[in-house]
Q: 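There's a structure below that I have some questions on.
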Amino acid sequence: MSSPIALLPDAQLRPLLDAYEASVRSRRWHTLLILACVAVAMVLSSISAEVSIPKLLDNIHRFPSYIIRLFQLENGRPVWTDVAEWFWGLPRWLRLLGETLLMAYVGTVLGVIGAFVLSFLAAANVAPSRWLRWTVRRFCEICRTVPELVFALVFVIAFGLGPVAGVLAVAIHTVGALGKLFAEVVENIDMKPVEGIIAGGSSWPVAMRFGALPQTMSNFVSYALLRFEINVRSTAVMGFVGAGGIGQDLIEAIRKFYYSDVSAILVLIIITVSVIDTLTSHVRHRLIGLQEKH
Amino acid sequence: MLRLEGVTKSFGGKRAVDQVSLVVPTGQLVGVIGRSGAGKSTLLRMINRLGDPTQGRILFGDTDITQLKGRALRQWRARCAMIFQQFNLAGRLDVLNNVMMGRAFHVPTSRALLKLWSDDEKAQALSALESLDMARLAGQRADTLSGGQQQRVAIARALVQEPDIILADEPIASLDPRNTKVVMDALLHINKHFGITVVCNLHSLDLARSYCDRLVGMAAGRVVFDDVPAALTDAVARDLYGLEAGEVVGEAPPVLMPVGARPGFALAGS
Amino acid sequence: MLRLEGVTKSFGGKRAVDQVSLVVPTGQLVGVIGRSGAGKSTLLRMINRLGDPTQGRILFGDTDITQLKGRALRQWRARCAMIFQQFNLAGRLDVLNNVMMGRAFHVPTSRALLKLWSDDEKAQALSALESLDMARLAGQRADTLSGGQQQRVAIARALVQEPDIILADEPIASLDPRNTKVVMDALLHINKHFGITVVCNLHSLDLARSYCDRLVGMAAGRVVFDDVPAALTDAVARDLYGLEAGEVVGEAPPVLMPVGARPGFALAGS
Amino acid sequence: MPGHFPVDLDAVRGRHSEHFQRFGRRRQTALAIAAAAFALLIFAIGELGFFDGKLLAGLGRLAEITGLMLPPDPKDWAHVRLFSSALLETIAISLLGTLAAAALALPLAFLAARNVTAQRVVRFFSRRSLDTIRSVDILVWALIWVNVVGLGPFAGALAIMTADIGTFGKLFSEAIEAADRKPVEGIVSAGGGKFLGVRFGIIPEVFPVLVSQVLYFFESNTRSASIIGIVGAGGIGLYLAEAIRTLELQQTSFIILMILVSVALIDYVSGQLRFAVIGRRGVVS
Amino acid sequence: AEAQSWKSTYPELVMAVVPAENASGVTERYAPFIEYLSKELGTKVMLRVANDYAAVIEGQRNGSIQLAGYGPASYARAIVTGVAVEPFATTVNNDGTIGYYSVFYVKADSPYKTIDDLKGKNLGLVDPNSTSGNNVPRFALNKMKVNPETFFSKVTYTGSHENAVIALQQGTVDVAANWWNSDTDSNLTRMANKNLAKKDDFRVIYKSDLIPNSPFAYLSNLPPDLKAAIVKAFNDAPTKDKAAFDKLSDGKDKEFIKVDAKYYEPVVELIKFIDQLRKQKS
Ligand SMILES: Nc1ncnc2c1ncn2[C@@H]1O[C@H](COP(=O)(O)OP(=O)(O)OP(=O)(O)O)[C@@H](O)[C@H]1O
Ligand SMILES: Nc1ncnc2c1ncn2[C@@H]1O[C@H](COP(=O)(O)OP(=O)(O)OP(=O)(O)O)[C@@H](O)[C@H]1O
Ligand SMILES: [Mg+2]
Ligand SMILES: [Mg+2]
């Protein structure tokens, strides 16, 4: 069958093609420019980072060496030959894991609450005022740039040793990190529903709650849980303030080359993370309404 | 009285709305017609202050709408309901909550945020939905509705606002004849009984002629026609839409003439 | 020949399409009419296999569409163009690239992924756009287009597919009279000249009567009318849309009777 | 103006009683979950000793301590130069690691996304491997790579890369799942394959989100940078750790200030980049 | 000819150091010394400052690091985990001592005189990796037949030497471990210099045996003549390039002396003792 579309004669087509090319040209240059910049940055970075692909390929066979050692007991046998010996510290680790989860929970929840409020103030498409947005963005930057270690140190001197200092440090860092990520989710939403609500005279919080939030919720959840995972690990930093948790035991085991302990603790953490990931997948899918496949 | 004075809106270099001046007396039902891309939606959006004019002023009574801020602006929007061409519903919320958004200005923010609508408010929303034959679906998520159902939710939202003026952007584009009638009758009814001004973008000239007190024709961002419906003769309409003489305007009887022969229309064959 | 055998689609407990059996001979222009929510869009989506029927089969020639997988399924979709009620464009792509998606099946994936369209392909897309008066806007982002402009992009995408059958879901809902005519004429033209089957959901009975060879009326998911347009008398239409006797069907002259008096319509006053 | 709807409340309530239950089932569940989460928070806060009075007592000293960090002071110009070059080095390493991770994570993310990959098994295994990669401490990755390429910045970049693959894989896949279905349908309905649906229906829509995630991790890696210090590649993290360890508080705050400035720069650039992609479209408030 | 043989196998030597607990500016300190070494050995020496000695140990295990400056405990850790390295030099302090000490502080105004007085009180250690802040104190307590976990009501890791002092000051712990070089050089004197603590607020109630200074170690399988050249270069450093040598410790050290594995055996024993404690702590 021949085409239902009659091709325009060339004389008519040329100007249209040219007009199209002209309108995308600047965009295309933009893209190429960005790509070129990234490429140049990559090359410069590779030089600075002493990247050497031959070295990598020559030695890649050593990649498993450390991993294999992780799965050996002190007597040199593979860990699974004596699971009881492998997980000798299970009660202690589980207790520490529990403590860690608790600390990470508090740090994350406090941080998420802060970030949640700030993100709408910091998002360019919905922020109620320019200077407020600027202030909030800078505030978030400070919160996440000052290392947790420094906050922890300051809090230790102020509040004394203990989990409080560490949890607060984690919470503040979380505010900064999530504040930015949340804000960018908000910037990427479809504005139509927000307009629909604004057009009825709703106040800003209402428009955010019903127009923006439903669209961002699943992303918020996914970022918050990722942060929770990260915070589970960054409690290792809190060893520094006397509230180590499982992270500190892990770092200690790594540093002291207690190989089987490292793998055992990692297995526990992996299980925890997988469980969290699975549970929250369900929550997120319900939020998005992904019942339908295609 | 709604008064537009030299209102212009540019996107980049392009003028979507160009020097529009209009006076709409209170209680009029104005139809805005014109080709796709003529600037009709952009004009309505500016009246609701969803976009700021690049030039010109919009006045309602003595108030300069374009200068409003904060609560005053929200109050204006609450008084000036907007029905969007693409519905602009919150897809992940259910129908009832979408409609409740029309009451949000009148409800304290704290209560609205927790969805603590009073029974009266819910009853009002449900009545509006019922009048559009949508109350059955009050619990369904908006993004699973059919096109016409979404459109009716958007209309219900505007109705519960109890506005002074309604801006309707093709409110019946996705509706079947019965619902078209229901909606247009409803607009006519609240226009005539409550004296609410209605500005309505329409593509159907028949409907525009039957329902409106006055028609405003736009082309390329400018107002090119502004008169009573009777003045919209076929010749004028042909002009407005750039149709050739001999082509029928409005929802027309079958045309089986060789379409390829028309200039600017390049389908093959014939 | 397209054959539907007892096709049913349920969402949760609700049957959106209910035991639909239809035979559409090749080259027919079928109009599907019915109230909002009757299941028209859902039916079309199943023919394109965007949703799987809960029950029943769809056959094209001897092929069971409902069993297709992988490349065969993609081929079927390429042969069966779909124009969506809500356009379903990629908002952040420009118009031309949106139209090029219609060629996706015919272009090697690797080339398509890099947007390396050949000049022929671009020429074809631009010609299709030009026939809909949209070629000027080929470089604009789809989400900045007006409603009618988006609709025409969606139509152009379907045209460049060079399909055997076109499924059009209210293709003229957001269009002005001139573009309505352009689009309907185009569908009629490719139907008559190339023998391409067209199944078209329509809300305008006038258009349905003028353009279609056959009308299928749906109500609550079932087919309740299936005949030549001439058989769609006002009485039948009234039945189909659940209108009262005395209410005019189609795009009607002004109705200034007291609307509040009608049952099922709860606006106050009168 | 009178209401348009002098509504008969009782009649409406009779017809639609289900919408008048103050606390429907869904609401009850939501409330229960919120209450449980809150209770856990209170319990945890108590358990961790937030309530033992030190918090209030210590607040006053916060200012005093912060005072010790002010004004930021690098000591001398030599240090400024030293820090600057270390900062550049750090930026280079984390740029490399982050971009490599993003490139490797993208295909994995599609395998792990429910609206792209229909096979449960594939999804399960890709998600679990992402979980595993993420759970393994970056210190372990560092040791593994030190075994391969020895101490140095290359090992740092590789460690960052491996650790971030897990994170990116998860984040990307979830952004993809949250994407709107309609554009994909538009493409698939025309016979485009999965790849095209993803490339033109999903990527343009989620691209800004992905970019912002990558830029965020780039920034975050620059900031934390401890891993670069661990593998003996110097970097600003080394100096920062040193300043903290030796309680050179003013120097600490100077280094932080430097990082802050570069973070703000990255943030600015990333904002420009993202808006170039999504277009500036706001609403007036 | 012999010299040529190892120079072709080792066109570049990598020396890794881990910053000591209390040192700052490692890179600057080492720069002139590395230059001196390169010159003396006639081959390029590359410095890597690693923040974590675990990475250094791994690097030595796979042979990519030939020379390493360890802390005494991390050297012992390398030996215990089976890396074939030999210590060859350590520093001598200006006062002729060749090590430092671990001490227990209590508050000056507290009544405690000996460890025995502290039964049921709180002990603050530094962190599980610290030689002077954990390993040596535990070893010492063990020799006193004191099991810290039962003897004290609570044993806290404070995270750093500074934190230990702060915790003591705030009363979080009643006795704290710390490092101590001499009456004029200790963590406490340094904190006092920065106004973070007052020296007179605290009192030492126990001082450990000498902990030997940090060793430099090379891979055991280096060619003997290369080893000899390295040892010679180190021993000659204070005379041949005094400026470079002094920079290493701000002039606090006098010279290098040759040491061997035997010299560090007590530390290795200490580490083994700590390892054997590990499974008791759960
Ligand atoms: N954000 C934007 N950026 C660029 N151009 C825009 C933008 N919004 C609208 N336009 C352009 O402005 C013109 C007017 O658009 P508008 O939506 O007002 O048309 P309309 O009269 O409502 O058309 P339709 O009947 O098709 O809905 C169109 O050409 C459109 O492409
Ligand atoms: N994903 C879904 N989940 C639940 N219900 C759905 C879903 N999709 C459609 N429906 C319901 O199925 C019915 C038929 O919808 P459909 O979109 O086919 O109607 P339609 O005939 O196209 O109406 P319109 O003319 O308004 O577009 C509607 O009642 C709609 O609410
Ligand atoms: Mg419009
Ligand atoms: Mg439909």
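In this text, all values refer to a predicted model and were calculated from it rather than measured experimentally. Quick note: numbers below take in every heavy atom, side chains included, and nothing from hydrogens, waters or symmetry partners. Convention: sequence-line order gives letters A, B, ...; per-chain numbering from 1.
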Q: Measure the CZ-OG distance between B/Arg152 and B/Ser131 for me, rounded to the nearest 0.5 Å.
A: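 It comes to 10.5 Å.
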Q: Please report the interatomic distance CE(A/Met208) to OG(A/Ser119), rounded to the nearest 0.5 Å.
A: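 Between A/Met208 CE and A/Ser119 OG, I get 10.0 Å after rounding to 0.5 Å.
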Q: Quick check on B/Gln75 against chain A: is it the side chain, the backbone, both or neither that has a heavy atom closer than 4.5 Å?
A: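 The answer is neither part of B/Gln75.
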Q: Please walk me through it: do B/Gln124 and B/Glu162 pass side chain to side chain donor-acceptor pair (under 3.5 Å)?
A: CA-CA 11 Å; B/Gln124 193 184 12; B/Glu162 304 187 347; 2.7 Å; yes
Q: Tell me which of these, A/Pro214, A/Ala212, A/Ser203, has more heavy-atom pairs under 4.5 Å with chain B than the rest.
A: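 The residue among A/Pro214, A/Ala212, A/Ser203 with the greatest pair count is A/Ser203.
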Q: Which residue in the set B/Gln151, B/Lys40, B/Glu170 passes side-chain hydrogen bond (donor to acceptor under 3.5 Å, both in side chains) when paired with B/Gln85?
A: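 For B/Gln85, the side-chain hydrogen bond (donor to acceptor under 3.5 Å, both in side chains) test succeeds with only one of B/Gln151, B/Lys40, B/Glu170, which is B/Glu170.
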Q: Find the one option among B/Met82, B/His106, B/Lys115 whose heavy-atom pairs under 4.5 Å with chain A are most numerous.
A: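 That would be B/Lys115.
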Q: Does any backbone or side-chain atom of B/Leu113 lie under 4.5 Å from a heavy atom of chain A? Answer side chain, backbone, both or neither.
A: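 Both parts, backbone and side chain.
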Q: Quick check, are the ring centers of A/Phe220 and A/Phe182 under 6.0 angstrom apart?
A: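 Yes: the rings meet the under 6.0 Å criterion.
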Q: In terms of heavy-atom proximity below 4.5 Å to chain A, should B/Arg103 be classed as side chain, backbone, both, or neither?
A: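 Neither part; nothing is under 4.5 Å.
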